[in-house]
Peer 1: 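Here it is: the structure, laid out below.
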Amino acid sequence: MRYRRLDSTCLNSLLNKPPTHLKAELPRNKPPKLPGSNPPVKSAKVSSSDIVQWNRSVTQHMRQGECDTALRLFNSMPAKSCVSWNAMISGYLLNGRLDLAQKLFDEMPQRDLVSWNIMLSGYIKNKTFGSARMLFDQMPVRDVVSWNTLLSGYAQNGYVDDAKRIFVMMPVKNEISWNGLLATYVQNGRIEEARKLFESKDNWPLVSWNCLLGGYLKKRMLAEARTLFDKMPVKDQVSWNTIISCYAQNDDLEEARKLFDESPIKDVFTWTSMLSGYVQNGMLYEARRIFDEMPEKNEVSWNAMIAGYVQSNRMDLAREFFEAMPCKSISSWNTMITGYAQNGDIMSARRLFHCMPNRDCISWAAIIAGYAHSGNSEEALRMFVEMKRDGGRINRSAFTCVLSTSADIAAFEFGKQIHGRLVKAGYHTGCYVGNALLSMYCKCGSIDEGYDVFQETAEKDAVSWNTLIIGYARHGFGKQALRLFESMKDAGIRPDDVTMVGVLSACGHTGLIDKGMEYFYSMGRDFGITTNPRHYTCMIDLLGRAGRLDDAQNLVKDMPCEPDAATWGALLGASRIHGNTELGEKAAEMIFRLEPWNAGMYVLLSNLYASSGRWRDVSKMRLKMRDTGVRKMPGYSWLEVQNQIHLFSVGDTMHPDSKRIYAFLEELELLMNKEGYVSATKLVLHDVDEEEKAHMLKYHSEKLAVAFAILNVPSGRPIRVMKNLRTGKQSTDTCFLVLPVSRTHEKLLSEATAQKRDE
DNA sequence: ATAGGGTTAG
């Protein structure tokens, strides 16, 4: 703002003329001649005030972003001073042209201290600290400005220790240097050090009071902020705005309002702070009143209002404001896109995304997240690819989102490529990104790579540990999961309820019944964790697998919370394994009551009947499914070969390679029969004839996928087959696949989609 | 005429 004064001066410079009102201030001096007008007088004498006017004009063009015009003026100057060069260099830096600035700096005949200081601040603004430091060391003379420039450069980029060292080394310190150190602490979240520094000295200027006050606001230290505010010898508008924001952001709207009414002047910040406070607290009526009353509105005030409506799912009102908004910014569009996506209106989100004039990385992340959360994983990944093609910077949030999408659909190769991009972008060390990456590898079944990522994640939090523990448990590495749990405790990370789900299921998979019981009963005592239905489900599964059906049943009875469908599902699964039809029926009945749409349970119960030869009940189940309109989601298996997804359903003949696959399987079967293999057809639904049953067992989707893999994956490479159904569970998140190989497979997908919609 | 500090609203 400081550099843009849009008044008549600027308009004059637009017309390529030095400002006229300055002539009046300097009545004796002739205005400099401009290129194209009369050539300079033959006498080579150019007065110094003429040069000043030229310089002023150069600066003004630079402030308007007109580098070319400034350069033309500069080139046509009859005489230049050091300031003329400095003005050009400074102007180039203002317009982001470090290269041109550097060139002029190197070419200039004589440099003064200001030239060096300008260049120093240029390097720092461009974050080239090496060059900045080198320049600083080369400087023939340094003044307090040079030191202050370096100090704030370090501070703004998080180099607190360097900034401190600079401060100590400074031969002369002024008010700005002290404030620089104070700001170093505040900007880097080191509020205690800031407070100590502030208390060590008197007579701070207003700027510094405001600085510390802003620090308290950021840290939500309301009491400290208020004390400081009350002690301030002078208060300006910023001080009032800051203290109002303190209360508004900490949900004390009453006090905020009181100060708001007391504030001697109200500018657009004051009004908007109040407005946002109301929005944050869902007080949209009050927010709307403030909005209507405020004399001056800007982009931020409009956006706050729109965000308020978005948060309360009033997309109709949000849209009304958005359309009425005279000064839409990228964030206005982004807020709307996010809002539509969160409300499940992905079509509107998409429409806005495509017609917005400019997109930033937030826009891309918003639309990708929108697709991902609405189940359009494929489209989400496609957008990510397009984002890369678009060449814009990809932010951490887009990376995280697209990694979790890859994880959802187990797009392993894609996920690995993203990992590569992450490393290139230097983002792989972050905690969020690291956890998303870890989860991607775990969900894709690549637990070793997950472990590597875990090792490399610098800041591990509970989520990191939980993800790997659950990853181990899910893939049958119970012992490793438990070992990791021990290391987690050793590392001083407090286990939470999610950790315990991983631990208990690890015990279940490893058959460690007693250990599981011990953990289960000590959770509350050792870690203060309240048991939830998921823990009970793990325990019932654990006891059930071990054949202790009575204990499992008793545990259900003892539950302090209502058993959910998953809990009964674990009991049903256990009943099936141990052939307890009676208990299975009981569990299934509960599930039907809780989740009548859950087709997986019908199938599970049906299989239970079939395995005990109760064929009449099997057909009853079929009828029940038909009558209630529940349909079993088709089971698919798929794998990725050379960035293409190959998808199979049971007895699939649609894949282009199916002839080869079946021939291969026939060949295998011949070999197996020779070895004396007889297929078990016990668990297949009864009303298909024996031959058909054998066929279904022989050609279930996993088998087709594995056969295809053996034929197509180079030997020595792992084969990774994914499927959408698990026993007793219909996973909805893996049924939409990336890049189907052929039209017929697209048809399969659209059937699956249609069926999901029916439910 | 050219160089250095800060805080407040999404």
Side-chain angles (χ1 to χ4, degrees), chain A residues 18-19 22 26 48-60 62-63 80-91 93-94 111-122 124 142-153 155-156 173-184 186-187 204-218 225 236-246 248-249 263 267-277 279-280 290 294 297-308 310-311 329-332 334-335 362:
Chain A
L22 291 174
L26 305 160
S48 64
S49 38
D50 275 356
I51 297 188
V52 168
Q53 291 228 9
W54 281 94
N55 292 347
R56 207 173 265 159
S57 186
V58 163
T59 302
Q60 267 151 19
M62 281 303 199
R63 282 182 192 157
K80 298 178 180 92
S81 67
C82 201
V83 175
S84 325
W85 290 85
N86 291 347
M88 278 303 292
I89 295 171
S90 159
L93 290 172
L94 183 68
R111 297 174 192 138
D112 62 4
L113 183 53
V114 175
S115 330
W116 288 92
N117 284 342
I118 291 173
M119 209 51 218
L120 180 65
S121 94
I124 284 174
R142 302 177 195 103
D143 66 355
V144 67
V145 174
S146 330
W147 287 93
N148 287 343
T149 306
L150 198 61
L151 170 68
S152 78
Q156 277 158 22
K173 298 178 179 72
N174 62 11
E175 198 181 66
I176 295 179
S177 326
W178 282 93
N179 189 67
L181 187 61
L182 183 71
T184 302
V186 166
Q187 285 163 356
W204 289 90
L206 177 60
V207 183
S208 303
W209 285 85
N210 285 339
C211 180
L212 185 61
L213 191 61
Y216 286 145
L217 165 62
K218 245 181 244 152
D236 68 344
Q237 191 56 48
V238 172
S239 324
W240 283 94
N241 292 346
T242 308
I243 195 72
I244 291 171
S245 307
C246 272
Q249 284 175 25
S263 176
D267 65 7
V268 67
F269 276 89
T270 328
W271 286 94
T272 311
S273 301
M274 218 41 232
L275 170 64
S276 313
V279 163
Q280 265 176 41
I290 290 280
M294 52 195 297
K297 305 178 208 341
N298 64 12
E299 175 224 329
V300 180
S301 4
W302 281 90
N303 284 349
M305 217 48 227
I306 293 176
V310 163
Q311 275 160 32
S329 66
I330 292 194
S331 18
S332 329
N334 291 349
T335 307
I362 311 267

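No experiment lies behind these values; they were computed from the predicted model shown. Computed over heavy atoms, backbone and side chain alike; hydrogens, waters and symmetry mates excluded. Proteins come first, then strands; the chains are lettered A, B, ... in the order of their sequence lines, and each starts at number 1.
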Peer 1: Between B:dT8 atom P and A:L206 atom CG, what is the distance in whole Å?
Peer 2: 14 Å

Peer 1: CG of A:L93 versus C1' of B:dG4: gap in Å, rounded?
Peer 2: 14 Å

Peer 1: Under 4.0 Å from OP1 or OP2 of B:dA3: is there any side-chain N or O of A:S90 that close?
Peer 2: yes

Peer 1: For A:L217, answer base if it contacts any base atom (sugar-phosphate contacts may also be present), sugar-phosphate if it contacts only those atoms, and nothing otherwise; contact means non-hydrogen atoms under 4.0 Å.
Peer 2: sugar-phosphate

Peer 1: Taking only N and O in the side chain of A:R63, is any of them less than 4.0 Å away from OP1 or OP2 of B:dT2?
Peer 2: yes

Peer 1: Measuring to OP1 and OP2 of B:dA9, would you say a side-chain N or O of A:Q280 lies under 4.0 angstrom away?
Peer 2: no

Peer 1: Between atom CD in A:E299 and atom C1' in B:dG10, what is the gap in whole Å?
Peer 2: 8 Å

Peer 1: Whole angstrom is fine here: how far is it from CZ in A:R56 over to P in B:dT2?
Peer 2: 8 Å

Peer 1: We want to know whether A:E175 and A:N179 form a side-chain donor-acceptor pair, criterion being a heavy-atom distance below 3.5 angstrom.
Peer 2: no

Peer 1: Taking the side chain of A:Q187 as its heavy atoms from C-beta onward, which of B:dG6, B:dG5, B:dG10 lies nearest to it?
Peer 2: B:dG6

Peer 1: Just N and O in the side chain of A:Q249: are any of them under 4.0 Å from OP1 or OP2 of B:dA9?
Peer 2: yes

Peer 1: Given atom CH2 of A:W85 and atom P of B:dA3, what is their separation to the nearest angstrom?
Peer 2: 18 Å

Peer 1: Ignoring hydrogens, what is the shortest heavy-atom contact between A:I51 and A:S84? Give both atom names and the distance.
Peer 2: CG2-OG, 4.0 Å

Peer 1: Of the options A:N241, A:N298, A:I290, which is the one that meets A:W271 in a side-chain contact (heavy atoms from CB on, under 4.5 Å)?
Peer 2: A:I290

Peer 1: Which listed nucleotide (B:dT2, B:dT8, B:dG4) is nearest to the side chain of A:T149?
Peer 2: B:dG4

Peer 1: With respect to the side chain of A:V114, which nucleotide from B:dG6, B:dA3, B:dG5 is positioned closest?
Peer 2: B:dA3

Peer 1: Given side chains that start at C-beta, do those of A:S331 and A:E299 come closer than 4.5 Å, heavy atoms only?
Peer 2: yes

Peer 1: Could you check how far CH2 of A:W147 sits from C1' of B:dG4, rounded to whole Å?
Peer 2: 14 Å

Peer 1: Suppose we call a contact any N or O donor and acceptor under 3.5 Å apart; does that hold for the side chain of A:N303 and the base of B:dA9?
Peer 2: no

Peer 1: How many whole angstroms separate atom CG of A:N117 from atom P of B:dA1?
Peer 2: 19 Å

Peer 1: Reckon A:Q311 touches a base, only the sugar-phosphate, or nothing at all at heavy-atom distances under 4.0 Å?
Peer 2: nothing

Peer 1: I'd like to check the ring-ring contact (aromatic ring centres under 6.0 Å, His included) partners of A:W147; sequence neighbours left out, ordered by chain and number.
Peer 2: A:F136

Peer 1: Do A:N55 and A:N86 have a side chain donor and acceptor closer than 3.5 Å?
Peer 2: no

Peer 1: With heavy atoms under 4.0 Å as the rule, sort A:D267 into base, sugar-phosphate or nothing.
Peer 2: nothing

Peer 1: From C-beta outward on A:A307, which listed nucleotide comes closest to its side chain: B:dG10, B:dA1, B:dA3?
Peer 2: B:dG10

Peer 1: Check every strand shown and say whether A:I118 touches a base, only sugar-phosphate, or nothing at a heavy-atom separation below 4.0 Å.
Peer 2: sugar-phosphate

Peer 1: Base, sugar-phosphate alone, or nothing: which one does A:V144 contact when heavy atoms must sit under 4.0 Å apart?
Peer 2: base

Peer 1: Among the candidates B:dA3, B:dT8, B:dG6, find the nucleotide nearest to the side-chain atoms of A:Q156.
Peer 2: B:dG6

Peer 1: Side chain of A:C211: nearest nucleotide among B:dG6, B:dT8, B:dA9?
Peer 2: B:dG6

Peer 1: Have a look at A:S331 and say if it touches a base, only the backbone sugar-phosphate, or nothing, with a 4.0 Å heavy-atom cut-off.
Peer 2: base

Peer 1: To the nearest angstrom, how far is A:N298 atom CG from B:dT8 atom C1'?
Peer 2: 12 Å

Peer 1: If you look at every strand shown and take non-hydrogen atoms under 4.0 Å, does A:K218 touch a base, only sugar-phosphate, or nothing?
Peer 2: sugar-phosphate

